[in-house]
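Reviewing the structure listed below.
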Amino acid sequence: MRIGIGIDIHQLVEGRKLIIGGVEIPFEKGLLGHSDADVLLHAISDALLGAAALGDIGKHFPDTSADFAGISSLILLKKVRVLLERHGYKPVNIDTMLLLEKPKIAPHVLQMRKNIAKCLQMELDAVSVKATTSEKLGYVGKGEGAVAHAVCLIDKLS
């Protein structure tokens, strides 16, 4: 078994959709990035890739490539799963923490977990999504950005 950790940070800006965990959340701002900027799925992807010593999301899906412009991070997460399988690994569990002052994430957590579990071909109870605020401290607290942390466990394929 191997453990991986991932972190991702994106700026909140006007004129973008807010997509987190593959869920479009109604809000006046969205996350800025080359893809859909799904901070949660990017952190998970980095955790999985790191656990398998396969680099990071930027290595496999560079923001300099037109192929990934505006792409759904759900597609990228599926590609990460396939890459893990090619190297003889499968995800065992995922635990995440999202830091975002607004909007409230709780109403969307179950769908996020379902999206992640489906992409990674995991049971729902092996995927945890939690969220908290930063109590108005720092750039997250000022509503300028969002951060996601992810920890995963992977194992060799049977």
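The chain is numbered in sequence order, starting from 1.
Summarising the geometry of M1 relative to V92, their closest heavy-atom pair is CE-CG2, 4.4 Å, with the distance given to 0.1 Å.
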query = Given E85 and Q121, is the side chain to side chain contact (heavy atoms under 4.5 Å, CB included) satisfied, shown in steps?
reply = CA-CA 11 Å; E85 289 172 356; Q121 298 180 348; 3.8 Å; yes
request  = Apply the test side chain to side chain contact (heavy atoms under 4.5 Å, CB included) to residues L54 and H60: give CA-CA distance (whole Å), side-chain angles for both, the deciding distance (0.1 Å), then the verdict.
outcome  = CA-CA 9 Å; L54 296 174; H60 297 280; 4.1 Å; yes
request  = Decide yes or no on side chain to side chain contact (heavy atoms under 4.5 Å, CB included) for I20 and M112, but give the supporting numbers first.
outcome  = CA-CA 7 Å; I20 301 176; M112 291 176 187; 3.8 Å; yes
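In this structure, S35 contributes its side chain and F68 its backbone to no donor-acceptor pair below 3.5 Å. Between the side chain of H149 and the backbone N or O of I5 there is no donor-acceptor pair closer than 3.5 Å. Within the 3.5 Å criterion, the main-chain N or O of K136 finds a donor-acceptor partner in the side chain of E101.
When only modelled atom types and interatomic distance are considered, H42 and D8 share a side-chain donor-acceptor pair under 3.5 Å.
Taking the side chain as every heavy atom from C-beta outward, L18 and P103 approach each other to under 4.5 Å. Counting heavy atoms from C-beta on, the side chains of K78 and V82 never come closer than 4.5 Å. Side-chain atoms of V80 and F61, non-hydrogen and from C-beta on, do get closer than 4.5 Å to each other. For the pair L48 and P91, the minimum side-chain heavy-atom distance is below 4.5 Å. The side-chain heavy atoms of K59 and D56, taken from C-beta on, include a pair separated by under 4.5 Å.
A continuous path of Ile, Leu, Val, Met, Phe, Trp and Tyr side chains, each step under 4.5 Å between heavy atoms, connects L99 with I7, placing both in one hydrophobic cluster. Under the 4.5 Å side-chain heavy-atom criterion for Ile, Leu, Val, Met, Phe, Trp and Tyr, Y139 and L100 are members of distinct hydrophobic clusters. In this structure, I75 is a member of the same hydrophobic cluster as L120, with clusters built from ILVMFWY side-chain heavy atoms closer than 4.5 Å. One hydrophobic cluster, built from ILVMFWY side chains closer than 4.5 Å, cannot hold both V147 and I57; they sit in different ones. Under the 4.5 Å side-chain heavy-atom criterion for grouping Ile, Leu, Val, Met, Phe, Trp and Tyr, M97 is not connected to V39 through any hydrophobic cluster.
For I3, the CD1 atom is loosely surrounded, since the number of other residues' heavy atoms within 6.0 Å does not exceed 12. Under a cut-off of 6.0 angstrom, the local environment of NZ in K130 is crowded, with over 12 non-hydrogen atoms contributed by other residues, nucleotides or ligands.
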Considering only distance and modelled atom types, tabulate donor-acceptor pairs under 3.5 Å from the side chains of residues 150-158, sequence neighbours left out.
none

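Each of L41, L77, L76, V127 was checked for a side-chain contact (heavy atoms from CB on, under 4.5 Å) with C119, and the lone residue meeting it is L77.
To the nearest 0.5 angstrom, S72 atom OG is 7.5 Å from D38 atom CG.
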